[in-house]
Amino acid sequence: MAWPGMEKYQNERIIIHLDYDCFYASVVENERPGLRSLPLGIQQKNILATCNYVARAQGVKKLQLVSEAKKTCPNLVIVNGEDLSRFRDASKKLWLYVREFIWEYKVERLGFDEVFLDVTQMIDFNIANLNLADFPASVLPTCTLASNLACTNADDDKLVEEAADQGIGFFRLSLTDPKRGFSFSWGKLPGHTYPLNDALDLRVLPESDHSSQSLEDDGLDCKVHNDFHQTKHTKHRLHRRLFLAAHFADFLRNSVKETYNYTVSAGISTTKLTAKLAGSVNKPDKQTLLIPAATQSFLDGHEIGKIPGVGFKTAQVLREELLGVVQGGAPEGSSVAEVAFYDKLTHPVTIHDIRRKLTLDRLSQVLDSKEQARKLYGWLHGVDTTPVAQTSLIPTQISIEDTFRSLKGTKQAEQVLIQLVTKLITRMHIDLLSPLPTPTTSTPTPTTSLQRWLACPRTFRLSLRPRDMTGPYSARISKSAPLPRYVFARDSCAEALAGRLVRDVGLPLLRKMGKVGEGELQLVNVAVVNMEESKAGEAVMAGVDIEKVFAGKKVTAEGSRNKNDEDMDWEKEVREIERVYKMLGEKGVEGDHKLAEEIDGISNEEDTIVDGQNLGIVGVMKPIDNQIEPGIGEDLWVKADDNGELSDMDGNGTDIVPAEAPTLRPIAHLRTKSRLDFSELEMEDEVGSPSARGVVCPKCGMGVLLFALEAHARFHEMERREQEK
DNA sequence: CTGGGGTCCT
DNA sequence: AGGACCC
């Protein structure tokens, strides 16, 4: 057969899929519990990313336009969710929590709100220990005698039935510690099943295997398959394992709820595909176990596009293969997307339809690769061998983006880039720097110096979406360039690094995009990609003592030279940059400036000398209509209006004004440190040389380079808004 | 008047 | 560099 041994593998694993209910809304509700009883929507630009169940009860839908949602639910409470930080943090927190329960960390994250768990080993271990769990002694999990007695004759059905009569079982969470675990009732299957069956008794449910049935329908050779399911013991064993998994899922859901106050929906099955689909059957705060015998009929009822992995394109291709080009009900001149949308409504195509009418050969012709066809063919029959991938603690990419109604010109693009890149660098610190050694005991640790980079992104990428676009909606254009090493200077402030990065890489890439870069932009995205993990990073993540790893590295360095050396290479380079940085400037503008000189090999000594005196920090402010010339030591302000918009009277960037304007609220207070020289300003616009011109922010004492000023002011504004809540 | 992220494959 | 997919 096409998949030797596949059917065996099919029922070998036990997979749990967890889905945090309306996640963004739950995060906000946990921050502000008062919102829990109100209809709540999370807004991103014009759309509701999600909403809570109170809102759904009033007709609000996910991904609905805000305007429409307000119509159907006038009292909808709307919270902006464009900044994903809080959601990312919460997601990571929950993931790390769940991860600790699962052996070998077989936990795969999908988006922010879903995880797949491969609990096969945990279940099989507990199945093997049934006798331990089910004898009366097991009610007392401390019984080590029982542990010694543990004989693995779980094959004996009688034993299991006896065990059931005992009432309570104990599910062990640790291979080594018999006390770690939870008690469960043998008499009750937690949560729901599909199909719904009150009388269902999984412990002894009679078997009729779904996939052997369906594969026979298709006239395939399933000898191996049938053989595998021949014995009674095997059939019953699968049900027992799923029964235990349902208890485990229940335990996990309750744990997450008690610890972090998030409700979770769960699906329990033998593959990722079926576990995920099963979880959608009963939704919020519920779990569903898919009875194996029902798998085929369960799948058959689903629309083809519901299969994870069959997206918009594939679904449409399959639909057309079955029905021809239907254009059912779509208005004249509709886009491809609209046609597909109407097709879906007027001509729903189910898994059953596809499975019955399209052979594997036919699928191979229709889809782009043979491999895709094979996978899909398996999915149609509930066969999915995709393993649960252990999600790494180090992301493969970090990206930040923003969309606009209209963004024109390099000037505006530069401002946007600086904002985005500042956030990007901040994210690099959060996601790629080793966790600080817990500040509880002995050492009153300094700040970043004890942290290490766990990975080094090699590439910076700029992506744009032009506004006009005739083609498919998603069309983006991107260009990449090597990421300069200086962004890894950990003590340098994000704004300063962002300014340099935008100047050195961002703007050049933008220019490289030609007309698109200059035209109207709908979306700007910046990303770091191409992560190169450091050995130290892996060690830190695995909880290994980092110093030992480095010590050991010297000794073992002879063997595998290649990758190790590369790692050492950049880590060493970063340390060197930081050493220079510390020596020269310690903190702030001066340090950044001197660092820039050192790295770029550019000397700007002249720039820092004014009137024959080296002032170190030189302030140059942008004049408004060339009328205002602030002097040395004068107080300056960045201001905002009532909406929090930073003052920008001439449209050329945030104003920095010398006196308080009555209608505007001061955001950042700046003080010039030297004579202001406007001729320097012109020079900067032209050449964009590493700039020593900057000011000291009295709010945080940080030196801020001119090009980073707006971003820095915005940072304080964001802080202030956070504190208002 | 279609978010702001992510993954992997080609 | 882009495209498909996921949330």
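These numbers were taken from a predicted model, which means no experiment stands behind them. Proteins come first, then strands; the chains are lettered A, B, ... in the order of their sequence lines, and each starts at number 1. Keep in mind that the numbers below use all heavy atoms, side chains included, and drop hydrogens, waters and symmetry copies.
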Between [options], which nucleotide gets closest to the side-chain atoms of [X]?
X: Asn46(A); options: dC1(B), dG4(B), dC7(C); value: dC1(B)
X: Ile47(A); options: dG4(B), dC5(C), dT2(B); value: dT2(B)
X: Gln397(A); options: dG5(B), dC5(C), dG6(B); value: dG6(B)
X: Arg465(A); options: dA4(C), dT7(B), dG3(B); value: dG3(B)
X: Gln44(A); options: dG3(B), dC5(C), dG2(C); value: dG3(B)
X: Arg427(A); options: dC5(C), dG5(B), dG4(B); value: dG5(B)
X: Glu401(A); options: dC6(C), dG5(B), dA1(C); value: dG5(B)
X: Phe312(A); options: dC7(C), dG3(B), dC5(C); value: dC5(C)
X: Thr403(A); options: dG5(B), dG3(B), dG2(C); value: dG3(B)

Could you tell me whether [X] contacts a base, only the sugar-phosphate backbone, or nothing, with contacts defined as non-hydrogen atoms closer than 4.0 Å?
X: Ile307(A); answer: sugar-phosphate
X: Val66(A); answer: nothing
X: Leu523(A); answer: nothing

Salt-bridge present ([X], [Y]; N to O < 4.0 Å):
X: Lys272(A); Y: Glu108(A); answer: yes
X: Asp19(A); Y: Lys283(A); answer: yes
X: Glu401(A); Y: Arg476(A); answer: yes
X: Asp300(A); Y: Arg355(A); answer: yes
X: Arg253(A); Y: Asp285(A); answer: yes
X: Glu114(A); Y: Arg109(A); answer: no

[N] [atom2] sits how many Å from [X] [atom1], rounded?
X: Asp113(A); N: dC6(C); atom1: CG; atom2: C1'; value: 10 Å
X: Phe116(A); N: dG6(B); atom1: CZ; atom2: P; value: 19 Å
X: Leu63(A); N: dG5(B); atom1: CG; atom2: P; value: 16 Å
X: Glu371(A); N: dC8(B); atom1: CD; atom2: C1'; value: 14 Å
X: Glu114(A); N: dC6(C); atom1: CD; atom2: C1'; value: 8 Å
X: Lys313(A); N: dC5(C); atom1: NZ; atom2: P; value: 7 Å
X: Leu18(A); N: dC6(C); atom1: CG; atom2: C1'; value: 17 Å
X: Asn525(A); N: dT2(B); atom1: CG; atom2: C1'; value: 16 Å

Phosphate OP1/OP2 of [N] contacted by [X] side-chain N/O (<4.0 Å):
X: Ser369(A); N: dT10(B); result: no
X: Thr396(A); N: dT7(B); result: yes
X: Arg88(A); N: dG6(B); result: yes
X: Arg476(A); N: dA4(C); result: no
X: Lys276(A); N: dC7(C); result: yes
X: Ser478(A); N: dG2(C); result: yes
X: Lys45(A); N: dG3(B); result: no
X: Ser399(A); N: dG4(B); result: no

Pair Thr350(A), Glu303(A): side-chain N/O donor-acceptor within cut-off below 3.5 Å: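 The answer is no; no qualifying pair exists.
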
